[in-house]
Student: 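Mind having a look at this structure? Questions to follow.
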Amino acid sequence: MKPTALLTVRVQFEQDVVTARGRAKQLAEQLQLSRQAQTCFATAVSELARNALRYAGGGTTEYLVDLSGRMLYARVCDQGPGIAQLEDVLAGRSVSATGPGVGLAATRRLMDSFEVKTAPGQGTCVHIGLRVPAGTPLTIQTVKQMLEVVVREVPAGPLEEVRAQNQELLGALAELSRREEQLQVLNRELEDTNRGVVALYSELEDKAERLREASHVKSMFLSYMSHEFRTPLNSILGLTRLLQEQHDGSLTNEQHKQVTLTQGAARELLEMVNDLLDVAKVEAGKSDIHITEFEVGQLFATLRALFQPLLPHPGVTLVFGDVPDLPPLQSDEGKVRQILRNFISNALKFTVQGSVEVGAHLTPDGQSAELWVTDTGIGIAQEDLAQLFQDFTQIVQPLQQVPGTGLGLSLAHKLTELLGGQVSVQSTPGLGSRFSVTLPLVYTVPPPEQPITAPIVRLAEPVSVGTPLPKSLRARPLLL
């Protein structure tokens, strides 16, 4: 639907500029635009009409309303020389004989719609518009009633118009002063907030430093303890092995039993010490990664030779699957072997009948390999799965005696993250469990972690009258 023409004001004399401004103000007021919007629309029309009179000797100001689009328009046209450098004028870079050419640029900022059509020697036509508030009834009937009211009103004279502009200016200055006070209050609140944020981050940094020191001390303690325990434990194992082999004389059955128990206890303690040392190295960032290319099939063969002679239950079979189609891995073979060794040891502990199977396959994306260990053991309840990979955690049934330290799965999880992979577990009580690790085929060095720094809270400078407000608080400028 085309806009409906309301009325037209011919601009031939200075008084006509005042009339054009007055009609614009009346129409905006009848359409229930805000006081600020009324002033903006009237000021923009006044500026455009004055330009038409000054540069083209006169023109016409036409007012229109778009009922469907809910827009109030003004179109100011002249038959002057046109605008030669329109882009510079709209950017505020043009300087004319009467001063800086900022009128059109400022008018465009005031309006919701703005369009200029100009050509050398053919004149200029500027089309501007503001949106009508949603609560204003806008029909043909209401527009007719509005026009009747506007036509009955006598346009104000120059003195009355100047007085009205002065009142508008005073109101704008009062509003600006009020917003300046609000901004000063906001500044004080931001200063208080900034001090609180700085104090909070200082406290957090102190606590983080203490935590880092405590973690370092813990890691150093575990490392020293593990290192110092290894020598006597290896000595105990060596001595018990000599006693079992009866190099210094035969043992009674009871003595042989006691030596075997001593050897088993020493072996479990050594295993715990080794796990503690590995955990301490990972947490301290001292665990080096040695990348080599290796075949998963050869890794399985090494693990088979290690575990087959040590099966704890005669009713359990250990099966390693074939992996002919799996490409070589470029990762730390020692750490991958340690992960799988912990998975297999854990499966053998909790499986007294059935099988433990080890396998691997390529993931669907072709970028990673999944290595898994399944068993037919006691299984794990769903509510216990979340704490499986915590340090010193063992999920066992009541009255069940299972040797171990609760560090194996935790260490496997830490080593997997170190290699850029993921660990997952699926289990059903009474049916068994499936532990798997997904590792990239080619290990890539992760980017260094960025330190966390306190955010910078920038405070606004106190504002005085005449200083531009932030855009969120800025009132529309006045063209007088």
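Every heavy atom of this structure was used, including side-chain atoms; hydrogens, water molecules and symmetry mates were not.
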Student: Can Glu370 and Arg434 be counted as an ion pair, charged N to O under 4.0 angstrom?
Tutor: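 Salt bridge flag = yes for Arg434 with Glu370.
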Student: Rounded to the nearest 0.5 Å, how far does CD1 of Ile344 lie from CG of Leu303?
Tutor: 5.0 Å
Student: Name the residue from Val45, Leu48, Asp16 that meets the side chain to side chain contact (heavy atoms under 4.5 Å, CB included) definition with Thr61.
Tutor: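 Of the listed residues Val45, Leu48, Asp16, the side chain to side chain contact (heavy atoms under 4.5 Å, CB included) partner of Thr61 is Val45.
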Student: Taking the side chain as every heavy atom from C-beta outward, state whether Leu419 and Val336 have any pair of such atoms under 4.5 Å apart.
Tutor: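 SC-SC contact between Leu419 and Val336 confirmed.
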Student: Mind checking whether Phe300 and Glu295 have side chains closer than 4.5 Å, heavy atoms only?
Tutor: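 A side-chain contact under 4.5 Å is absent here.
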Student: CZ of Arg195: more than 12 outside heavy atoms within 6.0 angstrom?
Tutor: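 Count over threshold, so yes.
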Student: Can a donor-acceptor pair be found, under 3.5 Å and without considering hydrogens, that links the side chain of Thr43 to the backbone of Cys40?
Tutor: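 Side chain of Thr43 to backbone of Cys40: no pair is present.
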Student: With a 4.0 Å cut-off on N to O distance, would you call Lys207 and Glu203 a salt bridge?
Tutor: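 Salt bridge: yes.
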Student: Less than 6.0 angstrom separating the ring centers of His127 and Phe114, yes or no?
Tutor: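 No.
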Student: Is it true that a side-chain atom of Thr118 and a backbone atom of Ile83 form a donor plus acceptor pair closer than 3.5 Å?
Tutor: yes
Student: Quick one: does Leu64's side chain get under 4.5 Å of Thr4's, heavy atoms only?
Tutor: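 No. Closest side-chain heavy atoms not under 4.5 Å.
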Student: Hey, what do you get for NE2 (His290) to NZ (Lys335), rounding to the nearest 0.5 Å?
Tutor: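 One finds 6.0 Å between NE2 of His290 and NZ of Lys335.
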Student: Tyr63 side chain to Ala20 main-chain N or O, any donor-acceptor pair under 3.5 Å?
Tutor: yes
Student: When rounded to the nearest 0.5 angstrom, what distance separates OG1 in Thr428 from CD1 in Ile380?
Tutor: 10.0 Å
Student: Within this structure, what is the CD-CE distance for the pair Glu148 and Met146, rounded to the nearest 0.5 Å?
Tutor: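 Going from CD on Glu148 over to CE on Met146, the span is 10.5 Å.
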Student: Which atom names give the shortest non-hydrogen contact between Tyr443 and Leu418, and what distance separates them?
Tutor: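 What the structure gives for the nearest pair is CE1-O, 3.6 Å.
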Student: Do Asn187 and Val185 have side chains that approach each other closer than 4.5 Å (heavy atoms only, starting at C-beta)?
Tutor: no
Student: Let me see the working for Glu14 and Arg54 under salt bridge (Lys or Arg N to Asp or Glu O under 4.0 Å), right down to the final yes or no.
Tutor: CA-CA 10 Å; Glu14 289 288 345; Arg54 180 182 302 165; over 6 Å; no
Student: Sub-3.5 Å donor-acceptor pair from the side chain of Asp365 to the main-chain atoms of Gln367, do we have one?
Tutor: yes
Student: Thr139 side chain to Thr142 main-chain N or O, any donor-acceptor pair under 3.5 Å?
Tutor: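 Yes, the answer is positive, given that a donor and an acceptor are paired below the 3.5 Å cut-off.
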Student: Rounded to the nearest 0.5 Å, what separation is found between the NZ atom of Lys414 and the CG atom of Leu409?
Tutor: 11.0 Å
Student: Decide yes or no on side-chain contact (heavy atoms from CB on, under 4.5 Å) for Leu441 and Leu362, but give the supporting numbers first.
Tutor: CA-CA 9 Å; Leu441 294 179; Leu362 194 65; 3.8 Å; yes
Student: Is it the case that more than 12 heavy atoms not belonging to Asp206 sit under 6.0 Å from its CG atom?
Tutor: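 It does: Asp206 CG has more than 12 such atoms within range.
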Student: Are any side-chain N or O atoms of Thr136 and backbone N or O atoms of Val132, one a donor and one an acceptor, separated by less than 3.5 Å?
Tutor: no
Student: Where is the tightest heavy-atom contact between Gln32 and Gly135, given as atom of each residue plus distance?
Tutor: OE1-O, 4.4 Å
Student: Hey, what do you get for CG (Leu6) to CG (Leu147), rounding to the nearest 0.5 Å?
Tutor: 5.0 Å
Student: Can you check side-chain contact (heavy atoms from CB on, under 4.5 Å) on Glu180 and Gln184, steps first, answer last?
Tutor: CA-CA 6 Å; Glu180 178 184 1; Gln184 289 175 350; 3.6 Å; yes
Student: Please check: side-chain N/O of Glu62 versus main-chain N/O of Thr8, any donor-acceptor pairing under 3.5 Å?
Tutor: no
Student: With side chains defined as the heavy atoms from C-beta onward, is the minimum distance between Val149 and Arg152 less than 4.5 Å?
Tutor: yes
Student: At their closest point, which heavy atom of Leu326 faces which heavy atom of Ala369, and how far apart are they?
Tutor: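 Minimum heavy-atom contact is CD1-CB, 4.0 Å.
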Student: Would you name the heavy atoms of Thr438 and Ser368 that are closest together and state the gap between them?
Tutor: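 Closest heavy-atom pair between Thr438 and Ser368: CG2-CB, 3.8 Å.
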Student: Indicate yes or no: at least one non-hydrogen side-chain atom of Thr376 is less than 4.5 angstrom from one of Leu431.
Tutor: no
Student: Carefully, step by step, assess Phe435 and Ser427 under the rule side-chain contact (heavy atoms from CB on, under 4.5 Å).
Tutor: CA-CA 8 Å; Phe435 288 84; Ser427 186; over 6 Å; no
Student: Within a strict 4.5 Å, meaning less than it, do heavy atoms of the Thr374 and Val356 side chains meet?
Tutor: no
Student: Test Arg188 against Glu191 for salt bridge (Lys or Arg N to Asp or Glu O under 4.0 Å), laying out the working first.
Tutor: CA-CA 5 Å; Arg188 289 192 292 270; Glu191 289 174 358; over 6 Å; no
Student: Before giving the answer on side-chain contact (heavy atoms from CB on, under 4.5 Å), spell out for Val9 and Leu7 the whole-Å C-alpha distance, their side-chain angles and the decisive distance to 0.1 Å.
Tutor: CA-CA 7 Å; Val9 176; Leu7 53 88; 4.1 Å; yes
Student: Measure from the side-chain N and O atoms of Arg23 to the backbone N and O of Val150, and report whether any donor-acceptor pair falls under 3.5 Å.
Tutor: yes
Student: Compare every heavy atom of Met71 with every heavy atom of Gly129, then report the nearest pair and how far apart it is.
Tutor: C-CE, 3.8 Å
Student: Is a donor on one side and an acceptor on the other found under 3.5 Å between the side chain of Thr19 and the backbone of Gln15?
Tutor: yes
Student: So do the side chains of Thr124 and Lys117 get within less than 4.5 Å of each other, counting heavy atoms only?
Tutor: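 Thr124 does not reach Lys117 side chain to side chain.
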Student: Quick check: closest heavy atoms across Pro440 and Gly420, and the distance to 0.1 Å?
Tutor: CD-O, 3.6 Å
Student: Could you label the plane-to-plane angle of the His361 and Trp372 rings as parallel, tilted or perpendicular, counting under 30° as parallel and over 60° as perpendicular?
Tutor: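 Ring orientation of His361 relative to Trp372: tilted.
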Student: Any carboxylate oxygen within less than 4.0 angstrom of a Lys/Arg side-chain nitrogen, looking at Arg178 and Glu181?
Tutor: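 Not counted as a salt bridge, because no side-chain N and carboxylate O are separated by less than 4.0 Å.
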Student: Sub-3.5 Å donor-acceptor pair from the side chain of Asp112 to the main-chain atoms of Arg131, do we have one?
Tutor: yes
Student: Got a salt bridge between Glu47 and Arg50, using NZ or NE/NH1/NH2 to carboxylate O under 4.0 Å?
Tutor: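 Salt bridge between Glu47 and Arg50, a charged N being under 4.0 Å from a carboxylate O: yes.
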